[in-house]
Amino acid sequence: MGLLSHMEAIRARDLELKVSGSMVNSSQKKRIADYHSFSERTALKRSAVLVPFGKRFFMRYEHGFDVASIFKSISSVDFWNGTIPQNQDWHTVSGSNLEPFYQLFSDEVVQDLTTIHIKSFVVLADVPIKAIMIAVDATIDEELVDDYIPYLADFIASDVSNDESYFSSPIFSSTPSIDNCRTFTLTIKEAIAEIADLLHVDAEAFDILFPVFLSETKNRLQHLLGKGDYALPGNEFNIILLFSQGKSIDADLLQFQLQKNLFSLFGNSTPKILVESVQS
């Protein structure tokens with residue numbers, strides 16, 4: 001009996017270690033580097049998380065929206081307190097009930113809007129924060145999103161207003177040398193400023209949201225670039241483009257192509273996007 005008990009104890013310990021290891025591996029796989037990776041893992045094509053700054057909510061984390069929507073989503077705490085239930089269940093809005101939410105989006109988004117999925121959750125930062133997630137896809141996998149919400153909350157808590165955390169660091173098999181790349185800078189500040197002026201956005205909101213525009217632009221660019229090419233954060237107003245096989249790329253032609261591809265993000269302010277070569 002002693003030997004049998006010992007064998008059972010070993011079996012139980014091995015099972016416990018296996019389950020524990022599986023949980024750790026699962027947890028590591030669900031960790032997210034930025035909101036774009038969260039959206040891609042949860043199959044959300046256009047979604048965002050609004051967080052409070054003072055008495056207003058801002059679309060501080062988003063994926064797939066245009067600049068005008070990110071600015072127009074600035075909303076009051078009172079609006080959300082009076083619009084959605086004060087619980088953490090999913091709240092789905094459609095039909096005529098969508099009208100109070102039109103003010104949060106650009107005309108282009110409103111034209112295609114059929115459904116909004118809304119969920120609030122708590123972020124345990126230095127001070128607990130109420131965050132509000134919105135997704136405008138026709139259908140979403142609520143259970144899948146719920147599985148990732150704790151990891152999203154951890155990411156937001158650790159962000160602590162550090163703008164650089166909006167950019168997930170690319171994984172290089174070998175660090176690319178700028179000497180071996182054709183390098184450009186893409187500047188979006190003037191395009192953003194023009195849209196902000198049209199929408200009468202104040203300076204505080206502009207500063208809070210500018211990293212969001214950089215992140216969205218960088219994410220879209222990375223999906224356009226080829227293998228071995230990268231979009232990286234530059235200073236607070238620029239994105240650096242590295243082309244590993246692009247010695248003959250012309251800056252004017254590149255600017256034209258990027259403006260064309262980024263029109264859905266910047267709209268009529270797209271011509272304000274500037275591309276400059278920093279290495280011949």
Whether the side chain of Asn219 engages the backbone of Ser215 through a donor-acceptor N/O pair (distance < 3.5 Å, no angle test) should be reported. no

Would a hydrophobic clustering, with Ile, Leu, Val, Met, Phe, Trp and Tyr connected at side-chain separations under 4.5 Å, put Val109 with Phe213? yes

Residues in side-chain hydrogen bond (donor to acceptor under 3.5 Å, both in side chains) with Thr217, at least two apart? none

Partner residues of Ser269 under the side-chain hydrogen bond (donor to acceptor under 3.5 Å, both in side chains) criterion, sequence neighbours left out: Glu194

Apply salt bridge (Lys or Arg N to Asp or Glu O under 4.0 Å) to the pair Asp202 and Arg56, showing each step before the final yes or no. CA-CA 12 Å; Asp202 59 82; Arg56 297 186 292 178; 2.9 Å; yes

Does the side chain of Thr115 come within less than 4.5 Å of Val136's, by heavy atoms? no

Heavy-atom distance under 4.5 Å between the side chains of Val51 and Met59, does that happen here? no

Using the six-membered ring wherever Trp is involved, compare the ring planes of Phe65 and Phe105 and label them parallel, tilted or perpendicular (cut-offs 30° and 60°). parallel

Are there over 12 heavy-atom neighbours, none belonging to Tyr102, within less than 6.0 Å of that residue's OH? yes

Any Leu44 side-chain heavy atom under 4.5 Å of Phe38 side chain: yes

Which residues share a side-chain contact (heavy atoms from CB on, under 4.5 Å) with Phe263, sequence neighbours left out: Asn268, Thr270

With sequence neighbours excluded, tell me which residues meet salt bridge (charged side-chain N to carboxylate O under 4.0 Å, His left out) with Glu276. none

Should Phe121 and Phe53 be regarded as members of a common hydrophobic cluster, given that ILVMFWY residues are connected when their side-chain heavy atoms come within less than 4.5 Å of each other, either directly or indirectly? yes

In terms of side-chain heavy atoms, does Ser106 have a donor or acceptor partner in Ser69 at a distance below 3.5 Å? yes

Closest contact, heavy atoms only, Ala231 versus Ile239: CB-CG2, 4.1 Å

Scan residues 129-139 for pairs that pass side chain to side chain donor-acceptor pair (under 3.5 Å), counting only residues two or more places apart or in two chains. Gln86-Lys130

In terms of side-chain geometry, is the basic nitrogen of Asp229 or Arg182 positioned less than 4.0 Å from the acidic oxygen of its partner? no

Can you sort out the partners of Asp78 under salt bridge (charged side-chain N to carboxylate O under 4.0 Å, His left out), two or more places apart, ordered by chain and number? none

Those residues at least two apart in sequence (or on a different chain) that pass salt bridge (charged side-chain N to carboxylate O under 4.0 Å, His left out) with Lys189 are none

Measuring only between side-chain heavy atoms, which start at C-beta, is Thr187 closer than 4.5 Å to Ile273? no

How about Phe58 and Val212: do any of their side-chain heavy atoms sit closer than 4.5 Å? no

The criterion is salt bridge (charged side-chain N to carboxylate O under 4.0 Å, His left out); which residues satisfy it with Asp146, sequence neighbours excluded? Lys119

Residue pairs meeting salt bridge (charged side-chain N to carboxylate O under 4.0 Å, His left out), one or both in residues 84-98, sequence neighbours left out, come to none

Counting C-beta onward and ignoring hydrogens, is there a side-chain heavy-atom pair between Met133 and Ile149 closer than 4.5 Å? yes

Any side-chain donor-acceptor pair under 3.5 Å between Ser47 and Tyr61? no

Pairs touching residues 185-207 that satisfy ring pair (Phe, Tyr, Trp, His ring centres under 6.0 Å), sequence neighbours left out: Phe206-Phe210

Is there a side-chain contact between Pro85 and His91 in this structure, where contact means two heavy atoms from C-beta onward sitting under 4.5 Å apart? yes

For Glu190, what residues pass the side-chain hydrogen bond (donor to acceptor under 3.5 Å, both in side chains) criterion, not counting sequence neighbours? none

Is any side-chain heavy atom of Gln255 closer than 4.5 Å to a side-chain heavy atom of Lys260? no

By side-chain hydrogen bond (donor to acceptor under 3.5 Å, both in side chains), which residues pair with Glu216, not counting sequence neighbours? Arg220

